[in-house]
Amino acid sequence: MGLAVALASLAATADVRAGVLEIDDSGHVRRFDSPTQFLGSAAEARPIAPSPKTATAPPRDRRAAVALVDAAATRHGLSPELLRSIARRESGLNPVARSPKGATGLMQLMPGTARDLGVDARDPAANADGGARYFQALLARYDGDIVKALAAYNAGPRAVDRHGGPPPYAETRAYVDAILERMAQSVAPRPQSPVRIAP
């Protein structure tokens, strides 16, 4: 059974629109923007935080980066849209990105994580493959719970374990929300104007 996450956003006219994402165990997403009955456990809905400005790779490098990320996702049984969304949020698909904390490459692998995975984080193909393997391990650790796995990719598994779920860090919440929203947009773009339902 897939995980459903409710996402809400405010339109410029102050109308409220809600969407539900159903995410199966392999990370494939279905989006429901119309009234939907969900018979699973309730999910918290909150506004999506805007993505911070991230330096992006030149277009030619971005296309090559997408190909590397998609190939790694396919190799490790992940949704290409999911892994691409993570890479976009992590590095803007920039294979030479380096964070102030030392994370490197497309998937922003920390030196210790890259070492544990046995990859050279400076090699874009190895970085994409390492990131895919690491995220697949997080999904397995959290029994397919994509929200916990995303939170652990951002804040670390210890923080997720300590809080029994995504930690209450604004950065991590914005990270998870932004990736889920990007996945939803790649699967079913949101209509430009609010959908009105006649009474």
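- Under the rule for a salt bridge (Lys or Arg N to Asp or Glu O under 4.0 Å), the partners of Asp120 that lie at least two apart in sequence or sit in another chain are Arg122.
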message: If you apply the rule side-chain contact (heavy atoms from CB on, under 4.5 Å), what do you find for Leu150 with Leu180, and how did you get there?
response: CA-CA 9 Å; Leu150 286 169; Leu180 294 176; 4.1 Å; yes
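- Under the 4.5 Å side-chain criterion, counting only non-hydrogen atoms from C-beta, Asn154 is not in contact with Val176.
- Within a 6.0 Å radius of CZ in Arg115, no more than 12 heavy atoms belonging to other residues, nucleotides or ligands are found.
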- request: Report the C-alpha separation of Leu106 and Asn94 in whole Å, then their side-chain angles, then the decisive distance to 0.1 Å, and conclude whether the side-chain contact (heavy atoms from CB on, under 4.5 Å) test is met.
  value: CA-CA 6 Å; Leu106 290 169; Asn94 184 346; 5.9 Å; no
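- Among pairs with a residue in residues 130-142, those fulfilling salt bridge (charged side-chain N to carboxylate O under 4.0 Å, His left out) read Asp129-Arg133, Arg141-Asp161, at least two apart in sequence or across chains.
- For the atom pair OG (Ser79) and CD1 (Ile86), the distance works out to 9.0 Å, reported to the nearest 0.5 Å.
- Glu81 and Met183 get closest at one heavy-atom pair: O-CG, 4.1 Å.
- Every pair passing ring-ring contact (aromatic ring centres under 6.0 Å, His included) that includes a residue from residues 138-189 is listed here, sequence neighbours excluded: Tyr134-Tyr153, His163-Tyr169.
- Distance check: Leu117 CG to Met107 CE gives 11.0 Å after rounding to the nearest 0.5 Å.
- Atom CD of Glu90 is separated from atom OG of Ser85 by 11.5 Å, given to the nearest 0.5 angstrom.
- Every pair tested for ring-ring contact (aromatic ring centres under 6.0 Å, His included) that includes a residue from residues 87-132 fails, sequence neighbours excluded, so the list is empty.
- Applying the side chain to side chain contact (heavy atoms under 4.5 Å, CB included) test to Ser99 and every residue at least two apart in sequence or in another chain returns Lys101, Ala103, Gln108.
- The two residues Pro80 and Ala73 have their closest heavy-atom pair at CA-CB, 3.7 Å.
- Residue pairs meeting the ring-ring contact (aromatic ring centres under 6.0 Å, His included) criterion with at least one member in residues 102-124, sequence neighbours excluded, do not occur.
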message: Between Arg182 and Arg88, does the side-chain contact (heavy atoms from CB on, under 4.5 Å) criterion hold? Intermediate values first, please.
response: CA-CA 9 Å; Arg182 183 171 286 281; Arg88 274 194 172 98; 3.3 Å; yes
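- Here the CD1-CG distance, from Ile179 to Leu82, works out to 7.5 Å after rounding to the nearest 0.5 Å.
- Taking the side chain to side chain contact (heavy atoms under 4.5 Å, CB included) definition, one finds that Ala132 meets it with Ala72, His76, Leu78, Leu83, sequence neighbours left out.
- Partners of Ala121 under the side chain to side chain contact (heavy atoms under 4.5 Å, CB included) rule, at least two apart in sequence or in another chain, are Thr104, Leu109, Ala114, Asn127.
- Looking at heavy atoms from C-beta onward, Val147 lies in side-chain contact with Pro166 at the 4.5 angstrom threshold.
- Residues Leu138 and Ala149 come closest through the heavy atom pair CD1-O, 3.7 Å.
- Taking all atoms of both residues into account, the shortest heavy-atom contact from Lys148 to Val160 is O-CG2, 3.9 Å.
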